[in-house]
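Reading through the structure tokens given below for one structure.
Lettering of chains follows the sequences in order, A, B, ..., and the numbering in each one begins at 1.
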Amino acid sequence: MDHLLEVKNLKTSFLTANGYLPAIDDVSFHVDRGETLGIVGESGCGKSVTSLSVMQLLSANGKIQEGTIAFNGRNLVGLSDGQMRKIRGKDIAMIFQEPMSSLNPVHKIGKQIAESLKIHTNLSLGDGKRRAIELLNLVGIPRAEQIVDEYPHRLSGGMRQRVMIAIAMACDPQLLIADEPTTALDVTIQAQILDLMRRLKQERQMGIMLITHDLGVVAEMCDRVVVMYAGKVVEQGAVRDIFRNPSHPYTIGLLNSIPKLKERQERLDSIPGTVPSIELMPAGCRFAARCPHATTRCVTAEPGLLPVSETHQVRCFLREGVAV
Amino acid sequence: MSEPLLEVQDLKKWFPIRRGIFSRTVGNVRAVDGVSFAVGAGETFGLVGESGCGKSTTGRTLLRLIEPTGGKITFEGRDVRKLSRTQMRAMRRQMQIVFQDPYGSLNPRYTVRQAIEEPLLIHGLASSSAERERRVAELMDTVGLSPSRMNRYPHEFSGGQRQRIGIARALAVSPKLIVADEPVSALDVSVQSQVLNLMDDLQKQLNLTYIFIAHDLSVVKHISDRIGVMYLGKMVELAEADDLYAEPLHPYTQALLSAVPVPDPDAKRDRIILQGDLPSPANPPQGCYFHPRCKDAMDVCRVKAPEWREVKPGHHVACHLYDEERGGSTWQTS
């Protein structure tokens with residue numbers, strides 16, 4: 001059977017003063033039904049550009065230059081706005097980081113939930129409201145009958161994120177793209193939201209593409225993980241591959257720089273330097289300047305994705321010549 | 001703990017809610033409502049809690065960037081609240097603050113040199129331009145920035161570098177105490193660890209005392225010697241960092257710790273998921289503020305606010321579970 005979502009060799013570029021520069025390059029991954037794929041990396045690694053490319057919500061100066069995005073076997077790249085609009089919000093839904101600014105402040109909660117139902121199904125106004133209440137109940141909002149007639153400012157951040165999820169779930173999507181869904185929330189509220197997402201995934205066999213910088217969230221939520229650095233996939237594998245046998249120096253550095261709750265550390269490991277900017281992308285491996293193992297070859301040539309095991313690949317010359 | 005450098009007793013900050021044409025005060029938002037703690041010289045005191053718990057307001061009232069409504073703040077034996085404006089200004093040489101947002105807290109029209117030398121000018125710490133330049137170069141070097149970049153503007157620096165500029169600015173007047181309000185929250189993890197290590201080094205070199213305010217529990221635990229946990233304007237628990245994590249007593253601290261996602265796919269998770277949201281500090285619940293969300297709430301919690309007590313040496317908690325009439329030290333059984 002086809003993958004639910006299969007992205008191949010995706011290259012998305014943005015128009016700058018120096019012409020089109022790629023924000024992500026040669027990005028490939030897939031998401032299956034009922035599984036959560038984590039896309040992890042730091043600011044500027046291209047994780048959000050990847051999700052916006054799938055949704056084709058790139059800003060006017062951005063465009064997909066190469067690659068395919070197959071959803072249920074159908075290539076989304078090159079679809080017209082009208083065709084894409086039929087998929088967006090119905091088969092593929094998205095939730096964003098900012099629950100404060102993603103809701104329209106001048107419309108009632110119920111109306112905002114019913115909006116996507118109105119667009120994608122021919123539900124009447126009354127049915128729309130009834131369905132909105134059902135959805136609010138589904139995402140665990142108390143007093144749904146009253147909340148449906150409230151405005152967003154009356155709700156807390158956690159409640160607004162639940163409303164966003166309710167909107168996303170309205171048309172029973174097959175794929176949910178969640179871009180840093182809990183980053184703006186407190187930990188106890190984050191725990192509630194993650195719990196809700198896990199439950200919805202199980203109940204509906206939905207695929208989730210979870211974009212986050214938080215490795216703790218990844219460990220808890222994801223089945224498989226893609227690690228991105230400066231617009232490239234540097235490592236991918238099952239969640240245990242990444243945490244038990246991290247193989248890219250960047251992944252190792254990232255894991256070592258998190259302070260651990262359980263143990264006492266005198267000093268944190270850190271990765272020296274910063275992410276290269278899109279204008280000054282180095283020729284060879286993009287991590288070479290910060291890598292403790294870099295050789296002259298890393299500066300000039302770029303490694304491909306090499307297998308570590310059947311489920312695990314890494315983009316690093318260190319892997320070369322090591323038997324799988 | 002060594003001799004306290006800073007002592008805070010029953011600190012309060014109430015923001016009035018005004019209504020009507022005469023701006024009559026109809027109520028108060030009790031942002032900080034009776035917080036007490038002491039910080040020893042050379043120590044790092046962590047303040048944790050979720051948004052709206054009053055941790056940042058606490059930090060700012062200590063420097064009187066916000067005037068406290070009540071309570072006593074003693075710094076090196078002097079009552080900070082009794083100081084005049086001029087005296088307070090001089091006092092701020094000893095107490096500095098580093099803010100969360102490295103993008104918003106630097107003036108975009110000031111070069112790094114101007115930003116770092118401003119406190120030197122205000123406090124009259126360097127007589128000549130050449131001396132200021134030397135001092136700026138020295139400070140940039142201390143925080144790991146190349147002094148050759150002192151004539152650049154903040155936008156030419158990354159988030160982590162900007163936070164280093166903020167730290168250099170705070171260090172310019174050679175303070176004894178630095179209040180760091182979410183200093184690494186806006187940074188990526190790999191950069192966050194660089195800044196945490198820097199703060200650690202500076203503390204050792206310059207014998208600094210930190211009040212470290214953050215919502216990220218793993219970061220606070222890493223850097224702090226002792227930690228205070230706040231909920232809705234009140235301190236609910238205070239203990240040595242290791243002790244607090246090994247044996248959290250307050251049900252809120254327990255829930256907070258269990259909610260932190262662990263970067264290990266095989267970690268055992270006994271998560272306590274709190275129901276509901278933080279109540280409004282303008283209209284807090286009766287009794288213990290935490291009781292509507294508490295898994296262990298008893299009848300007494302609904303009517304009576306718990307007292308702040310030391311249940312083990314150095315470990316304070318405000319919770320009826322540890323009341324003396326209930327056997328006092330139920331922590332042994334938990």
Side-chain angles (χ1 to χ4, degrees), chain A residues 41-45 140 142 155-159 182 184-192 194-195 212-223 225 238-244 250 253-275 277 290, chain B residues 48-53 144 157-161 184-198 200-201 214-223 231 241-242 245-246 252 255-267 269 271-280 293:
Chain A
E42 299 182 288
S43 357
C45 74
L155 304 180
S156 66
M159 282 297 162
T182 56
L185 306 175
D186 282 317
V187 276
T188 61
I189 308 297
Q190 165 170 288
Q192 296 174 354
L194 294 180
D195 202 46
T212 181
H213 69 282
D214 188 329
L215 288 158
V217 171
V218 170
E220 242 166 68
M221 296 291 291
C222 301
D223 303 297
V225 185
V239 69
R240 274 182 189 77
D241 295 334
I242 302 294
F243 285 90
R244 290 278 167 268
Y250 175 65
L254 209 54
L255 283 166
N256 287 341
S257 32
I258 327 173
K260 314 280 183 304
L261 261 185
K262 293 255 160 66
E263 50 208 85
R264 185 110 195 128
Q265 300 147 284
E266 271 311 305
R267 242 183 129 63
L268 293 171
D269 286 334
S270 64
I271 307 175
T274 46
V275 183
S277 79
R290 304 175 74 187
Chain B
V48 279
E50 298 182 287
S51 23
C53 73
F157 292 83
S158 69
Q161 290 169 332
V184 295
S185 309
L187 307 176
D188 279 320
V189 271
S190 70
V191 180
Q192 168 181 300
S193 52
Q194 294 172 9
V195 174
L196 289 174
N197 284 341
L198 170 70
D200 206 30
D201 294 342
H215 69 280
D216 185 325
L217 288 106
S218 16
V219 168
V220 173
K221 167 170 181 240
H222 173 77
I223 195 126
Y231 185 77
D242 291 335
Y245 281 79
Y252 176 64
L256 202 59
L257 284 174
S258 80
V260 179
V262 187
D264 177 358
D266 298 311
R269 300 178 214 286
R271 179 150 297 162
I272 307 162
I273 293 193
L274 286 181
Q275 298 305 311
D277 281 310
L278 201 72
S280 156
R293 304 174 74 192

Exercise: identify the closest heavy-atom pair between A/Thr274 and B/Ser158: CG2-OG, 3.7 Å
Proximity breakdown for B/Gln161 and chain A, heavy-atom pairs closer than 4.5 Å: neither
Under 4.5 Å from a heavy atom of chain A, the part of B/Ser51 involved: both
Contacts of type side-chain contact (heavy atoms from CB on, under 4.5 Å), residue B/Val220, not counting sequence neighbours: B/Val48, B/Phe212, B/Ala214, B/Ser224, B/Ile227
Side chain to side chain contact (heavy atoms under 4.5 Å, CB included) between B/Arg271 and A/Thr188, intermediate numbers included: CA-CA 10 Å; B/Arg271 179 150 297 162; A/Thr188 61; over 6 Å; no
Heavy-atom pair with the smallest gap, counting every atom of A/Asp214 and B/Pro261: OD2-CG, 4.5 Å
A/Leu254 side, atom CG; B/Ser193 side, atom OG - distance, nearest 0.5 Å: 9.0 Å
Heavy-atom proximity to chain B below 4.5 Å, by part of A/Asp269: backbone
Structural part of B/Asp266 lying under 4.5 Å from a heavy atom of chain A: both
Winner by heavy-atom pair count (cut-off under 4.5 Å) against chain A, out of B/Ile272, B/Val191, B/Asp242: B/Asp242
Test side-chain contact (heavy atoms from CB on, under 4.5 Å) applied to B/Pro263 - qualifying residues, sequence neighbours left out: A/Leu215, A/Phe243, A/Ile258
B/Leu217 versus chain A, the contacting section by heavy-atom distance below 4.5 Å: both
Exercise: identify the closest heavy-atom pair between B/Glu50 and A/Ile189: OE2-N, 4.3 Å
Closest-packed option against chain B by number of heavy-atom pairs under 4.5 Å, given A/Leu261, A/Val187, A/Val275: A/Leu261
Shortest non-hydrogen contact from A/Gly273 toward B/Gln194: O-NE2, 3.4 Å
B/Leu187 CG to A/His213 NE2 distance, which is reported to the nearest 0.5 Å: 10.5 Å
Approximate separation, where rounding is to 0.5 Å, of B/Gln275 CD and A/Gln192 CD: 6.5 Å
Any donor-acceptor pair under 3.5 Å from A/Gln190 side chain to B/Ala259 backbone: no
Structural part of B/Leu256 lying under 4.5 Å from a heavy atom of chain A: both
Proximity breakdown for A/Val218 and chain B, heavy-atom pairs closer than 4.5 Å: neither
Proximal component of B/Asp200, with respect to chain A [non-hydrogen, under 4.5 Å]: side chain
Choice from B/Ser258, B/Ala267, B/Ser190 maximising heavy atom contacts with chain A below 4.5 Å: B/Ser190
B/Asp264 side, atom CG; A/Arg244 side, atom CZ - distance, nearest 0.5 Å: 4.5 Å
Which of B/Asn197, B/Val260, B/Asp201, B/Asp216 touches chain A most, by non-hydrogen pairs under 4.5 Å: B/Asn197
